[in-house]
Amino acid sequence: MEKFIIIGGKRLKGSIRVGGAKNAILPILAASLLTEGISTIHEVSRLLDVQVMKEVLTYLGAKIRCEGTTLMIDGSSVQTLEIAEDLMRKMRASNLVMGALLGRFGQVKVAYPGGCAIGSRPMDLHLKGFISLGANITEKHGYVIAETNGLRGAAIHLDFPSVGATENLIMAATQAQGQTIIRNSAKEPEIVDLQNFLNGLGAKIRGAGTDLIKIEGPTRLGSTTHTVIPDRIEAGTHMAAAAITGGDVVVENVIPEHVEAVTAKLREAGVEVEVGDDRIRVQGPPRPKAVDLKTLPYPGFPTDMQSQMMVLMTVAEGTGVISETVFENRYKHVDELRRMGADIKIEGRAAIIKGIPKLSGTFVEATDLRAGAALVLAGLIAEDATVIENVWHIDRGYEHLERKYVALGARIMRVNGI
Ligand code: EPZ
């Protein structure tokens with residue numbers, strides 16, 4: 001298994017360009033199953049999760065052509081309506097094909113998805129929504145089967161603004177007879193991007209980005225060309241890396257509004273953040289100040305940036321409290337940070353972090369995507385060498401993160417198992 005070896009102590013300096021948003025690419029790739037037309041998608045980052053979704057689409061019969069970061073997907077020959085367990089175990093987001101296959105073919109069968117080890121992540125909100133739209137759901141032998149003789153528009157109220165459930169229900173509703181209203185929908189920018197992609201195909205969706213989305217159906221979908229929005233979590237990760245190393249970095253290809261919560265929190269921690277039209281300059285202080293933060297659905301502070309901000313707090317002046325309200329078990333990085341000397345106490349969903357002057361390098365393990373990214377940030381400032389195992393977790397959501405940070409002056413090597 002590949003590892004990173006990081007020698008800490010270098011301040012990051014220079015500029016770094018953000019790629020297309022993983023969490024917009026995945027639902028948009030799933031949505032391309034809705035049409036017999038051609039979906040041309042630009043700014044598709046080369047990520048492990050994107051590779052898995054391409055495997056899923058190909059397994060279902062779609063034809064995919066790649067040219068650099070552009071994908072052309074031909075959905076006309078999709079005929080398989082079942083996702084094998086091994087594919088589903090690789091990535092939870094594989095369940096995003098359900099809405100599209102149910103909408104287009106009236107049937108879909110998937111194994112319970114795998115994905116990050118960040119708490120049990122049921123699909124009850126997805127399935128309840130499908131039932132509201134007129135689907136029958138049966139669950140047996142670890143598979144979920146959804147089928148219908150015809151979806152009908154419905155008024156759906158989500159118990160929780162689930163990103164995936166909102167996306168799956170939007171996709172299915174484009175083929176339901178009549179109007180569907182989704183209330184308490186997730187408001188993430190990736191959902192707006194999905195709406196824009198689907199409307200480009202000919203769908204009639206309004207309200208994405210708010211907590212009330214209306215979808216008229218059924219609509220005949222054709223072809224479209226779409227450029228994916230920049231990845232706000234990749235941008236936030238690079239902003240945190242600049243802040244934590246006391247560096248001076250310009251993060252390019254950013255939509256500043258999408259990272260406002262991170263900008264505000266970094267400024268509160270004493271970090272200089274200069275916001276341009278499509279770029280953000282971050283200058284880190286000699287030592288950040290401790291802050292408190294609570295993760296919330298968008299536009300609140302993103303849960304996908306929680307572990308990165310925790311690293312900043314491990315070496316901040318003072319004590320800060322993090323409360324993780326979105327996932328019930330997203331502190332797997334805490335044990336690894338403790339191995340580096342961090343002073344962190346967990347009480348329920350809260351983490352109390354007492355800043356120390358310096359982390360120390362040692363052997364640590366990436367346990368999920370964002371925890372792995374946080375360990376890279378910790379290694380950048382730790383004394384001596386840090387070895388991070390299982391870096392494939394990081395490759396799921398970042399394209400050669402080590403190369404990007406070496407270009408900013410970091411000392412990181414990717415090595416095969418030693
Ligand atoms: C999406 O996951 C993102 N993944 C996650 O990013 C992100 O952390 C999450 O949204 C929250 O912003 C993709 O977009 C591919 P949810 P998703 O449904 O859709 C509970 C990353 O690092 N829930 O909004 O799976 C669930 O247990 C990844 O890029 C139910 O209870 O998230 C969780 O506690 C990690 N029932 C909460 O809602 C359901 O049916 C949020 O889940 C669905 C979800």
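Just follow the structure's listing: the first ligand is 1, and inside any ligand the first atom is 1. Note that these values count all heavy atoms, side chains included, but never hydrogens, waters or copies made by symmetry.
Checked by distance only, ligand 1 and Phe160 stay at 3.5 Å or farther apart across all their nitrogen or oxygen atoms. Taking distance alone, with nitrogen or oxygen atoms compared against 3.5 Å, Val163 approaches ligand 1 more closely than that limit.
Closest heavy-atom approach to atom 15 (C) of ligand 1 among the candidates Asn23, Asp124, Asp368: Asn23. Here atom 7 (C) of ligand 1 lies nearest to Asp304 when heavy atoms of Leu96, Thr166, Asp304 are compared.
If you look at Leu369 next to ligand 1, the close heavy atoms, those under 4.0 Å, all belong to the side chain. Contact annotation: for Glu167 versus ligand 1, there are no heavy atoms closer than 4.0 Å. Contacts with ligand 1 closer than 4.0 Å are made by side-chain heavy atoms of Lys22 only, the backbone lying farther away. Of the heavy atoms in Arg330, only side-chain atoms (C-beta onward) come closer than 4.0 Å to ligand 1. With a 4.0 Å heavy-atom cut-off, ligand 1 is reached by the backbone of Ser162 and by its side chain too. Both the backbone and the side chain of Val326 come within contact range of ligand 1, each with a heavy atom under 4.0 Å. Heavy atoms of Arg370 found under 4.0 angstrom from ligand 1 belong exclusively to the side chain.
Using a 4.5 Å heavy-atom cutoff, the side chains of Glu82 and Val108 are not in contact. A heavy-atom distance below 4.5 Å is found between the side chains of Tyr143 and Glu85.
Distances from ligand 1 to the non-hydrogen atoms of Glu324 include no value under 4.0 Å.
Among residue pairs with one or both ends in residues 185-194, those qualifying as side-chain hydrogen bond (donor to acceptor under 3.5 Å, both in side chains) are Glu190-Arg232, Asp193-His226; sequence neighbours excluded.
With sequence neighbours excluded, no residue satisfies ring pair (Phe, Tyr, Trp, His ring centres under 6.0 Å) with Phe4.
Contact check on Arg396 versus Asp49 returns a salt bridge, with a Lys/Arg side-chain nitrogen under 4.0 Å from an Asp/Glu carboxylate oxygen.
Within 6.0 Å of the CZ atom in Arg338, the count of heavy atoms belonging to other residues, nucleotides or ligands exceeds 12. The neighbour count for Glu257 CD, taken as heavy atoms of other residues, nucleotides or ligands under 6.0 Å away, does not exceed 12.
Listed by atom number, the atoms of ligand 1 under 4.0 Å from Arg92 heavy atoms are 25 (O), 43 (C). Interface of Gly164 with ligand 1, defined as ligand atoms under 4.0 Å from a residue heavy atom, comprises 18 (O), 19 (O).
Side-chain polar atoms of Asn136 and Glu147 form no donor-acceptor pair below 3.5 angstrom. Side-chain contact annotation: Gln308 with Thr237, donor-acceptor N/O pair under 3.5 Å present.
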